[in-house]
Amino acid sequence: MTVATVDTTQAVRAYCVANPDDPDCRESDLSVDAVEATAPLFGVLGKPVTVTVASTVSNAGPDGPTEATVERTVLAGSGITVAPGTAETTPANLTVGTPARLEKSYTVTCAAPGLRTLDFTTTVNPRRAYVGDPNADNNRRTARLTLDCAVPVTVNVHPGSAKNPINLNSANVPVAVLSTRAGEYGNPLAFDATTIVVASIRFGSPAVLSRGGGVPEIHNRIHQEDALERDERTRDRDPDAMLHLGPPRDALVPSDTTACVFGAFGPGPTRFYGCDTVDVKG
């Protein structure tokens with residue numbers, strides 16, 4: 001029968017701090033050496049992306065290997081959500097001079113446009129009370145990730161065509177970026193295509209744009225829609241932006257079935273992103 005349970009952790013720890021030469025006491029300088037967050041170049045409102053966080057922890061001795069607990073937490077700023085959002089504690093057995101790398105993936109979703117922040121914190125501590133850590137100042141490290149959250153928009157490659165053919169040998173691809181009301185085409189926010197910052201525009205496959213690549217507007221200006229292009233998708237007489245983007249051979253390959261436009265708009269400016277299906281020919 002259990003009469004009482006006594007937690008001796010603090011007493012043992014206090015004793016070993018006061019008597020570091022006792023053979024039953026050990027000393028290990030544990031540390032968090034790095035916290036690195038890897039994310040896409042940008043996110044899009046309502047579309048989850050994966051962020052991978054790698055934490056490097058080590059034991060500088062003099063004693064080891066040492067059982068440790070590694071706690072990882074995340075704090076999301078306004079306008080962005082993250083899952084899982086709860087702290088996670090992981091055991092680690094740290095050998096002197098042999099750092100351990102722990103990775104964890106998070107699902108991050110932009111809820112508002114603009115630059116949004118996430119703080120990822122890793123903390124390491126000895127698991128056993130008889131292990132003292134002479135330098136607790138290096139047991140914790142935080143890395144801040146800033147994700148640029150883009151507004152989803154509707155684009156129309158080759159207005160007037162249902163198949164949206166793209167010849168990789170052509171000089172450019174005509175693309176309309178549509179002005180839309182909130183809710184139109186499922187877009188959560190209103191978008192005025194006439195406020196696009198032309199110098200920021202890049203066109204290409206989703207993979208190319210996620211790496212910071214893509215091709216620009218070849219004339220460096222927004223064009224007036226002609227009679228064929230006028231409200232090709234919306235039929236609402238909104239002033240859409242007509243662009244000539246290229247050369248496509250630097251942004252697409254024959255296996256691509258989607259082409260996208262990424263750039264900035266407004267006085268902020270804020271990022272936007274939109275895609276359309278395409279039929280690419282070499």
Side-chain angles (χ1 to χ4, degrees), residues 1-41 43 48-111 115-148:
M1 180 178 65
T2 301
V3 177
T5 299
V6 179
D7 185 357
T8 62
T9 300
Q10 294 303 321
V12 171
R13 184 160 291 156
Y15 174 84
C16 285
V17 169
N19 302 275
D21 295 328
D22 189 295
D24 291 329
C25 296
R26 307 179 73 187
E27 186 175 278
S28 296
D29 181 11
L30 306 185
S31 63
V32 180
D33 302 328
V35 179
E36 302 165 307
T38 303
L41 182 65
V49 298
T50 299
V51 174
T52 302
V53 179
S55 301
T56 303
V57 295
S58 66
N59 178 7
D63 296 319
T66 297
E67 293 181 76
T69 56
V70 181
E71 183 183 66
R72 287 170 288 179
T73 62
V74 56
L75 178 63
S78 63
I80 196 166
T81 62
V82 59
T86 55
E88 178 182 89
T89 301
T90 305
N93 198 34
L94 300 178
T95 302
V96 176
T98 305
R101 179 182 171 94
L102 295 83
E103 290 192 357
K104 182 174 175 62
S105 293
Y106 297 86
T107 299
V108 175
T109 307
C110 293
L115 299 177
R116 303 293 163 179
T117 60
L118 295 154
D119 289 332
F120 298 96
T121 299
T122 298
T123 306
V124 64
N125 285 298
R127 187 178 180 187
R128 302 300 181 184
Y130 56 78
V131 178
D133 189 334
N135 181 19
D137 291 342
N138 59 8
N139 287 25
R140 180 184 177 95
R141 187 181 293 265
T142 298
R144 169 162 288 189
L145 171 71
T146 300
L147 187 65
D148 202 345

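We use all heavy atoms of the structure for the numbers below, so side chains are in, but hydrogens, waters and symmetry mates are not. Because the structure is predicted, anything quoted here is derived from the model rather than measured.
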Practice problem: Sort out for me which residue in Val82, Val51, Val108 forms a side chain to side chain contact (heavy atoms under 4.5 Å, CB included) with Val74. | Solution: Val82
Quiz prompt | Ser28: which of Thr66, Asp133, Asp63 passes side chain to side chain donor-acceptor pair (under 3.5 Å) | solution = Thr66
Practice problem: Return the minimal non-hydrogen interatomic distance between Glu27 and Pro134, and the atom names on each side. | Solution: CG-CD, 3.6 Å
Quiz prompt | Gap separating the CG atom of Leu30 from the CG atom of Asn59, nearest 0.5 angstrom | solution = 5.0 Å
Could you go through residues 119-126 and list every donor-acceptor pair under 3.5 Å that involves a side-chain atom there, pairing it with any protein atom two or more places apart or in another chain?
residue: Asp119; atom: OD1; partner: Arg144; partner atom: NE; Å: 2.7
residue: Asp119; atom: OD2; partner: Arg144; partner atom: NH2; Å: 2.9
residue: Thr121; atom: OG1; partner: Thr142; partner atom: OG1; Å: 2.7
residue: Thr122; atom: OG1; partner: Ser55; partner atom: OG; Å: 2.7
residue: Thr123; atom: OG1; partner: Arg140; partner atom: NH1; Å: 3.4
residue: Asn125; atom: OD1; partner: Asn139; partner atom: ND2; Å: 3.3

Quiz item: For the atom pair CG (Asp137) and OG (Ser31), what is the distance rounded to the nearest 0.5 Å?
Solution: 11.5 Å
Exercise. Dump the intermediate steps for side-chain contact (heavy atoms from CB on, under 4.5 Å) on Tyr106 and Val53, then the final yes or no.
Key: CA-CA 8 Å; Tyr106 297 86; Val53 179; 3.8 Å; yes
Quiz item: Would you find a donor on one side and an acceptor on the other, under 3.5 Å apart, between the side chain of Arg127 and the backbone of Glu67?
Solution: no
Quiz item: CG of Asp33 to CZ of Arg101: how many Å apart, nearest 0.5 Å?
Solution: 12.0 Å
Output side-chain donor-acceptor pairs under 3.5 Å for residues 83-100, partner residues at least two apart or in another chain, one line each.
residue: Glu88; atom: OE1; partner: Arg72; partner atom: NH2; Å: 2.8
residue: Glu88; atom: OE2; partner: Lys104; partner atom: NZ; Å: 3.1
residue: Thr90; atom: OG1; partner: Arg72; partner atom: NH2; Å: 3.0

Quiz item: What are the two closest heavy atoms between Glu103 and Ala54, and how far apart are they?
Solution: CG-CB, 4.0 Å
Quiz item: Can you list the steps and then say if Asn138 with Asp29 is a side-chain contact (heavy atoms from CB on, under 4.5 Å)?
Solution: CA-CA 9 Å; Asn138 59 8; Asp29 181 11; 3.5 Å; yes
Exercise. Using the side-chain contact (heavy atoms from CB on, under 4.5 Å) rule, take Val49 and Leu147 through it: C-alpha gap first, then chi angles, then the decisive distance, then the call.
Key: CA-CA 10 Å; Val49 298; Leu147 187 65; 4.2 Å; yes
